[in-house]
Number of protein chains: 2
Amino acid sequence: MAGSASRLKDIAKQTGFSVNTVSLALRNSPRIPDETRRQIAEAAAKLNYLPNQVAKSLVMKETRSIGLILTDLTNPVLTAMAQAVELELTKRGYTTLFATSNNKLDLERSLIETFRARRVDGMLIFPCQHGELEHIRNLRARNFPVVLLVGDADAGVDAVCMDERAGAHKAVAHLLDNGHQRIALLDSASDKGNYEKREGYTSAMAAAGLNVDPTLIITPDGSDVASGYLAMETLLQNDTGATALLAATDSLALGALRYCIKSGIKVPDDMAIFGFDNIEFAEHAVISLSSVDYDIESISKMAIERVISLINSKGLLPPPRITQVEPDLMIRESTL
Amino acid sequence: MAGSASRLKDIAKQTGFSVNTVSLALRNSPRIPDETRRQIAEAAAKLNYLPNQVAKSLVMKETRSIGLILTDLTNPVLTAMAQAVELELTKRGYTTLFATSNNKLDLERSLIETFRARRVDGMLIFPCQHGELEHIRNLRARNFPVVLLVGDADAGVDAVCMDERAGAHKAVAHLLDNGHQRIALLDSASDKGNYEKREGYTSAMAAAGLNVDPTLIITPDGSDVASGYLAMETLLQNDTGATALLAATDSLALGALRYCIKSGIKVPDDMAIFGFDNIEFAEHAVISLSSVDYDIESISKMAIERVISLINSKGLLPPPRITQVEPDLMIRESTL
DNA sequence: CGCCGTAGTATTAACGATAATACAGATCGG
DNA sequence: CCGATCTGTATTATCGTTAATACTACGGCG
């Protein structure tokens, strides 16, 4: 207790210098001569001094911390984002305050307030409803640095993200190129108003002159493997004549794949399966999975650079910029 | 800017009351009459007042935040822990400061210092080297509340964790019961001095009167699926006559499983495979994977309860307690 | 020899909150 | 009708820093 609670004042008392001199010495001010600095450093070491960041933050009006709000960590993509963000922030001397909204808008709102009260210097947010951004726009309107990790051209807030629409479009276009016409979509996100992938699907179909058959669009209950399994069952029961599908996540795709294997449906011959996010297990599935691929690490880095540049922009924030990275297709056995 | 920066002083100015009265009113002190409270609340709302947690922390000498240090987030188990910890802490009004050590002891040390400087009220740590805990014991010696998320009976620091040794022992015992004698171990952690699983393996073999054949112990380069794949290849090349294996993680097990399927080795007939951690993909593998299973959520909750109880223990910390939860076996197709 | 710049250090004032204490004016009991 | 209690509010100190300003020698220079 005594050891942990040492303050500038204690060093001052020990050395006979004033608190301010001690502070300057420890911060290597040129005004302090070497001998004084040495004495003070010595005393600081002996007392096991550790500067109190809380006090420092109060006077400096910056905490060197940023808030990261994701929907959850069950999704490997968000996990990878959290990892990349934390790594990069630590490297830059920032601390990460982390929280998950569990896809609840109210919780998201209250987490934002909590972080604001804690005076984080900026926030990175993966919003749970891509269309419900009013509270985040408000934040920005108060000149608070925020960057979204998923976003639209008209978000009204800075964003650095993958272009989900383009990814879905590309994947469906690929399936069309391979001769498929009855292409299903497994996407649970669209019930929360996150229509990007669905729009990409639709636009690709439209570009090929095909109307979208609503029975080809399945909305699983979740985004996990089990949901994909059940969704596949549903799709086949509907007897839609689908010969290919795009799943909104690799987990869904892996579930669908598993159902096919269990049911003796040949992948890719009877059913081509396209995943999304290219997680580790996609590559290593029994039948390796084609997937929409993008570099999460570099997106995360760019997002951090953006939020830090906003933090450093003195005065008013610059107008929001949306950066959408176009994903690539990773073609594997499941769509050959 | 003006909007975000409102302080008690501003409300005081608006309403004509003193700063202290405002503070008391907003904290619902009984000494403040309703009418005054109303006026102050109104002004606070109009000014969009949000208490400054930094200032509050300084005077209250508590931040209501705890630091969570994991090795990384690529491991689904740690991901689940992070998720569970964050959820529970938020529920209890704490904020989570999150960081990963990337299995580097130096980084772990410096992260601890960073969190200490930020005056977190306590820490939850998944140490990267289970035998290197001196720096953490030092923390505790300074009366700082720490709880390990993995640990040994003689850690000298509080710990709430799964009993890896018991888990490995049980799994191997199960394989022995099924008639296997040549049982391999795939474990990359033991090169970092984390011998728990290996010890469990050894003790189970010893209990069956079997000596451990070192060629049966493979140390993959990592803990991911690809490493498991390569490790399986190595194992077979060594021509050890192994008929079963225990992998230290499900990812390794899935990699091994994949190699077997590619090579026409029948699972479980030619090779029984036991995984560890029971992640989602274990259940849904082509051949569903037996795995050592435990309730991460409840362990995380207990760990949080422990650290909070340490925080609330006024005066000296109580002597450290180690709680080890014994895992169960989830038996599936891969070891039938 | 007196003035000035400067090197080294100290003093004072923030930062935005809480906590302890002080102080008026009303109320009440004897 | 006067001291004592209570009610509502203000004043002051404090948390551990940094920042701005103030002082005190001392050396150089005209």
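Convention: sequence-line order gives letters A, B, ...; per-chain numbering from 1. Atom set for the values below is all heavy atoms of this structure, side chains included, hydrogens, waters and symmetry mates excluded. Computed from a predicted structure; not experimentally measured.
With a 6.0 Å radius and a threshold of 12 heavy atoms from other residues, nucleotides or ligands, A:Arg321 has its CZ atom at or below the threshold. Shown here is B:Lys192, whose NZ atom has more than 12 heavy atoms of other residues, nucleotides or ligands within 6.0 Å.
Atom pair A:Glu62:CD and C:dG16:C1' shows a separation of 17 Å (rounding to whole Å applied). Nucleotide C:dA17 holds its C1' atom 12 Å from the NZ atom of B:Lys9, rounded to whole Å. If you measure from atom CD of B:Gln53 to atom C1' of D:dC15, you get 15 Å, rounded to the nearest angstrom. Atom CZ of A:Arg119 is separated from atom C1' of C:dG16 by 9 Å (rounded to the nearest Å). Atom P of nucleotide D:dT17 and atom CZ of A:Arg64 are separated by 18 Å, given to the nearest angstrom. Here the P atom of nucleotide D:dC15 and the CG atom of A:Leu58 are 14 Å apart, to the nearest Å. Rounded to an integer number of Å, the gap from CG of B:Asn52 to C1' of C:dT18 is 13 Å.
Residues A:Lys46 and A:Glu42 are not paired through a salt bridge, judged by the lack of any N-O separation under 4.0 Å between the basic side chain and the carboxylate.
For A:Asn20, the side chain to side chain donor-acceptor pair (under 3.5 Å) criterion is met by no residue, not counting sequence neighbours. Residues that satisfy the salt bridge (charged side-chain N to carboxylate O under 4.0 Å, His left out) test with A:Glu132, not counting sequence neighbours, are absent from this structure. In this view, A:Glu297 satisfies the salt bridge (charged side-chain N to carboxylate O under 4.0 Å, His left out) rule with no residue, not counting sequence neighbours.
Note on the helix from C:dC1-D:dG30 to C:dG30-D:dC1: angle between the axes of the first and last five pairs equals 70°, rounded to 10 degrees.
Using modelled atom types, no side-chain atom of B:Ser23 and backbone atom of B:Val19 make a donor-acceptor pair closer than 3.5 Å. Using modelled atom types, no side-chain atom of B:Asn103 and backbone atom of B:Gln129 make a donor-acceptor pair closer than 3.5 Å. With B:Glu86 contributing its side chain and A:Thr100 its backbone, the two residues share a donor-acceptor pair below 3.5 Å.
Between B:Thr21 and B:Lys61, the one whose closest nucleotide on DNA chain D sits nearer the 5' end is B:Thr21.
No side-chain donor-acceptor contact under 3.5 Å links A:Ser309 and A:Glu305.
Across residues 32-40 of chain B, not one residue has a non-hydrogen atom less than 4.0 Å from an atom of DNA chain C.
The side chain of B:Arg7 sits closest to C:dA17 out of C:dC15, C:dA17, D:dC15.
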- [ ] Scan nucleotides 18-26 of chain D nucleotide by nucleotide, 5' to 3', and note B when protein non-hydrogen atoms come under 4.0 Å of the base, S if they reach only the sugar-phosphate, - if neither.
- [x] BBB-B----

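Of the residues listed (B:Arg119, B:Arg118, B:Arg116), the one engaging A:Asn52 in a side-chain contact (heavy atoms from CB on, under 4.5 Å) is B:Arg119, and it is the only one.
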